[in-house]
Number of protein chains: 2
Amino acid sequence: MAIGVEVDVDRMEAPPDVVIRRLPLYARSLRYLLQEGIESVSSQELGDRINVTAAQIRKDLSYFGEFGKQGIGYDVRKLLQQIEDILGLSHEWPVALVGIGHLGAAIARYEGFRQQGIRIAGLFDSNPEKIGTMIDDMPILSFDDADTVIKEQGIRLAIIAVPAQRAQEVADRLVMAGVRAILSYAPTVLQVPDGVWVRYIDPVAVLHSMTYYLARDVSGARQNDPET
Amino acid sequence: MAIGVEVDVDRMEAPPDVVIRRLPLYARSLRYLLQEGIESVSSQELGDRINVTAAQIRKDLSYFGEFGKQGIGYDVRKLLQQIEDILGLSHEWPVALVGIGHLGAAIARYEGFRQQGIRIAGLFDSNPEKIGTMIDDMPILSFDDADTVIKEQGIRLAIIAVPAQRAQEVADRLVMAGVRAILSYAPTVLQVPDGVWVRYIDPVAVLHSMTYYLARDVSGARQNDPET
DNA sequence: GAAAGTATGTGAAGTGTAGCACTAACTTTA
DNA sequence: TAAAGTTAGTGCTACACTTCACATACTTTC
């Protein structure tokens, strides 16, 4: 009985999540470089721009292959393309946006999404007064219809911008409909089944983590930290 | 010649930044517990709510003192008070908000700030058509006046919600005026002098870090991660 | 009031990430 | 064409954070 079967040693180790979170920053910076007409960059130059060490960038990229040329650096256009491929940005991702209050409406109007592979595919709210009205050229639909829309369009990504008390219920329904990744602006931790990704944006929490240092007059020497 | 003078061994080690970032989550959860009328909680129960291990919570708190009772747990009201004190939330923090576009306006209107010790003390924009108009009861001021207002009110915290191309210039002027901590919604890494804290909110980057997993159908087992 | 049960605080072990420093590969200079 | 200069990729080391597991302290039960 062959217990302890040899595992394929050559299998590439899965990149840590911290690395995955940095890739979008690299991609963003590369886009800016291209806009500036810069076509080649070293890990050092790239790192200086985003306050990450050159070694870190090289290490991070090494999880996915070899992209640079020794003595030269990286071809900006090619590296950007490759990082976008890694991130799955070779096609557009339709996203359901739930909760069209002040914040939700601002998110719906934000042009930065579409340009970066994120397409707001549906706006949902539960307030009857809002349903049927438009944000730019997009109609606000009833959240009751979210299930149908998500299934029809194969939506797997959602943004939640509802009050904290409603967030869990909304998340539950989204997951049931097929959503597998949620970006939540609601200030509460969501409980979701295995297989579903959740990330949070909470400006209050971020501010509070800085008041800690301000209250103590601790200098922010930790600038080396472009964390989202 | 006394080289290597003994350093005070009892000096408490500075808590890591990751710990500081979790404290606001603990505080938030404790507030919800209070709202539910729950006055006592164990590290286990608190951890279950926010997907953090009980040991982590206890270790984190141990950087600041002893707050619980063995065999019992924590007094919710008291622990909340103490965490808020640690975070410097015993008084209100005036904040300058720069960039009153869709997003900036939504931030200005968000009620979650005031309730949590953050007071939007001034709205600034450079668009002459906006200057002088009101958001709720607050006038939009010229960004040229930011320097004066920041100095007069002793503002040390700012939120930037301007386009990426303008963010660095805005940050520079804020820092010159006395701002020491910046929350930036602009999708670019800011260069600031030592002594200034910067944190970022970038929904596009967050979404892109999730498309990576969706594109690969990797299950989000890493739920143990209520990171902002 | 002793025994069983619960839960904190913490030293130590375990895990994971970042940075160093070197080799190899490529370009530019002389 | 050789030497000098640049920079990617990477094994190893160092550090930081997380988790474990236990001693301690308090409560509840019988």
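Each chain gets a letter, A, B and so on, in the order its sequence line appears, and its residues count up from 1.
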Name every donor-acceptor pair, under 3.5 Å, that has one atom in a side chain of residues 64-72 of chain B and the other anywhere in the protein, sequence neighbours excluded.
none

Could you list all N or O pairs between the protein and nucleotides 28-30 of chain C that sit under 3.5 Å apart?
none

Tabulate atom names and distances for all N/O pairs under 3.5 angstrom spanning the protein and nucleotides 11-15 of chain D.
from	atom 1	to	atom 2	distance (Å)
D/dG11	O6	A/K59	NZ	3.4
D/dC12	N4	A/K59	NZ	3.2

Exercise for review: Give the B/S/- string for nucleotides 1-6 of chain C, one per nucleotide from 5' to 3', where a protein heavy atom under 4.0 Å of the base yields B, of only the sugar-phosphate yields S, and otherwise -.
Suggested key: -----B

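In this structure, B/R180 CZ and B/I155 CD1 are separated by 13.5 Å, a value rounded to the nearest 0.5 Å. Atom-to-atom distance recorded for B/M176:CE and B/I150:CD1 is 11.0 Å, nearest 0.5 angstrom.
Counting heavy atoms of neighbouring residues, nucleotides and ligands inside a 6.0 Å radius, atom CD of B/E36 exceeds 12 of them.
Residue B/K69 contributes atom NZ, which lies 12 Å from atom P of D/dT28 at whole-angstrom precision. Taking atom CD1 on B/I57 and atom P on C/dG9, their separation rounds to 12 Å, with Å as the unit. One atom, CD of B/E66, and another, P of D/dC26, lie 11 Å apart when rounded to the nearest Å.
The side chain of B/R58 contributes an N or O atom lying less than 4.0 Å from OP1 or OP2 of C/dT8. Within the structure, every side-chain polar atom (N or O) of A/Y63 is placed at least 4.0 Å from both OP1 and OP2 of C/dT17. Between B/T53 and D/dT19 there is a side-chain N or O to OP1 or OP2 distance below 4.0 Å. At least one side-chain nitrogen or oxygen of B/R22 sits closer than 4.0 Å to the OP1 or OP2 atom of D/dT18.
For B/P16, the side-chain contact (heavy atoms from CB on, under 4.5 Å) partners two or more places apart in sequence, or in a different chain, are B/V18, B/V19, B/Y63. Shown here are the side-chain contact (heavy atoms from CB on, under 4.5 Å) partners of A/D48, two or more places apart in sequence or in another chain: A/Q44. Residues meeting the side-chain contact (heavy atoms from CB on, under 4.5 Å) test with A/A181, sequence neighbours left out: A/L157, A/W197, B/M210, B/L214. B/D172 pairs by the side-chain contact (heavy atoms from CB on, under 4.5 Å) definition with B/Q168, not counting sequence neighbours.
For DNA chain C, none of the residues of residues 26-41 of chain B falls under the heavy-atom distance limit of 4.0 Å.
Listed by first and then second residue, the salt bridge (charged side-chain N to carboxylate O under 4.0 Å, His left out) pairs that reach into residues 161-170 of chain B are B/R166-B/E169, sequence neighbours excluded. Under the salt bridge (charged side-chain N to carboxylate O under 4.0 Å, His left out) criterion, the residue pairs touching residues 50-62 of chain B are B/R22-B/D60, with sequence neighbours excluded. The salt bridge (charged side-chain N to carboxylate O under 4.0 Å, His left out) pairs that include a residue from residues 78-90 of chain A are A/R31-A/E84, where partners are two or more places apart or lie in different chains.
Within the cation-pi definition used here (under 6.0 Å to the ring centroid, within 45° of the axis), B/R216 qualifies as a partner of B/Y212.
Looking at heavy atoms from C-beta onward, A/P203 lies in side-chain contact with B/I201 at the 4.5 angstrom threshold.
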